[in-house]
Amino acid sequence: MSDSKNATAQDAAASDYIVVKAKENGVQVIGLTRGLDTRFHHTEKLDKGEVMIAQFTDQTSAMKIRGKAEIMTKHGQLESGI
């Protein structure tokens with residue numbers, strides 16, 4: 001992949017958002033870093049009914065959800081912790 005196509009693919013990935021709606025108290029949303037060593041870099045706790053809108057960035061390559069939550073992305077909707 002050429003550098004310009006690679007940069008475009010990274011920009012598209014970095015502009016993706018997810019919506020997390022907590023179905024119980026104490027749901028954790030954990031951001032994981034990009035790069036050779038994947039690490040936790042940010043954690044949020046949500047209580048039942050709270051909603052968080054999160055964006056993938058140059059630093060955030062993945063998110064981990066702990067607890068019962070509804071997760072909405074451009075790819076569809078799913079539930080965790082069932």
Side-chain angles (χ1 to χ4, degrees):
M1 190 180 282
S2 73
D3 287 341
S4 63
K5 285 183 183 177
N6 192 25
T8 304
Q10 284 182 331
D11 290 343
S15 67
D16 283 346
Y17 289 85
I18 68 166
V19 176
V20 180
K21 180 178 180 183
K23 298 272 203 160
E24 66 182 1
N25 289 336
V27 170
Q28 291 183 321
V29 180
I30 304 162
L32 302 164
T33 61
R34 290 189 187 278
L36 298 175
D37 296 326
T38 301
R39 300 173 192 237
F40 296 128
H41 76 83
H42 188 82
T43 301
E44 288 288 332
K45 267 197 177 171
L46 304 176
D47 286 331
K48 186 175 182 177
E50 288 186 322
V51 173
M52 179 177 178
I53 301 170
Q55 180 181 25
F56 290 94
T57 66
D58 290 340
Q59 292 180 338
T60 305
S61 65
M63 292 180 208
K64 182 176 182 176
I65 313 296
R66 285 189 180 150
K68 286 187 178 184
E70 187 175 347
I71 304 157
M72 293 155 266
T73 74
K74 70 178 185 181
H75 302 288
Q77 184 174 329
L78 62 138
E79 291 193 25
S80 66
I82 297 175

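On a predicted model such as this, the values are computed, not experimentally measured, just so you know. The chain is numbered in sequence order, starting from 1.
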Inset, instruction - Measure the spacing between OG1 of T43 and NZ of K64 and express it to the nearest 0.5 Å. - result: 10.0 Å
Legend entry - Gap separating the CD1 atom of I53 from the CE atom of M72, nearest 0.5 angstrom: 9.0 Å
Inset, instruction - Side-chain contact test, heavy atoms from C-beta onward, threshold under 4.5 Å: evaluate it for D16 versus T73 and give yes or no. - result: no
Legend entry - Heavy-atom side-chain contact between E44 and H42 under 4.5 Å: yes
Inset, instruction - Of all the heavy-atom pairs spanning D37 and T33, show the shortest one and how long it is. - result: O-OG1, 3.4 Å
Legend entry - Distance-minimising heavy-atom pair for Q28 and K45: NE2-CE, 3.4 Å
Side chains of residues 19-26: which donor-acceptor pairs under 3.5 Å do they make with residues two or more places apart or in other chains?
residue: E24; atom: OE2; partner: K68; partner atom: N; Å: 2.9
residue: N25; atom: OD1; partner: K48; partner atom: N; Å: 2.9

Inset, instruction - Examine V27 and L78 and state if one hydrophobic cluster contains both, with Ile, Leu, Val, Met, Phe, Trp and Tyr joined whenever side-chain heavy atoms are less than 4.5 Å apart. - result: yes
Legend entry - Any donor-acceptor pair under 3.5 Å from T60 side chain to L32 backbone: no
Inset, instruction - Can you sort out the partners of Q59 under side chain to side chain donor-acceptor pair (under 3.5 Å), two or more places apart, ordered by chain and number? - result: none
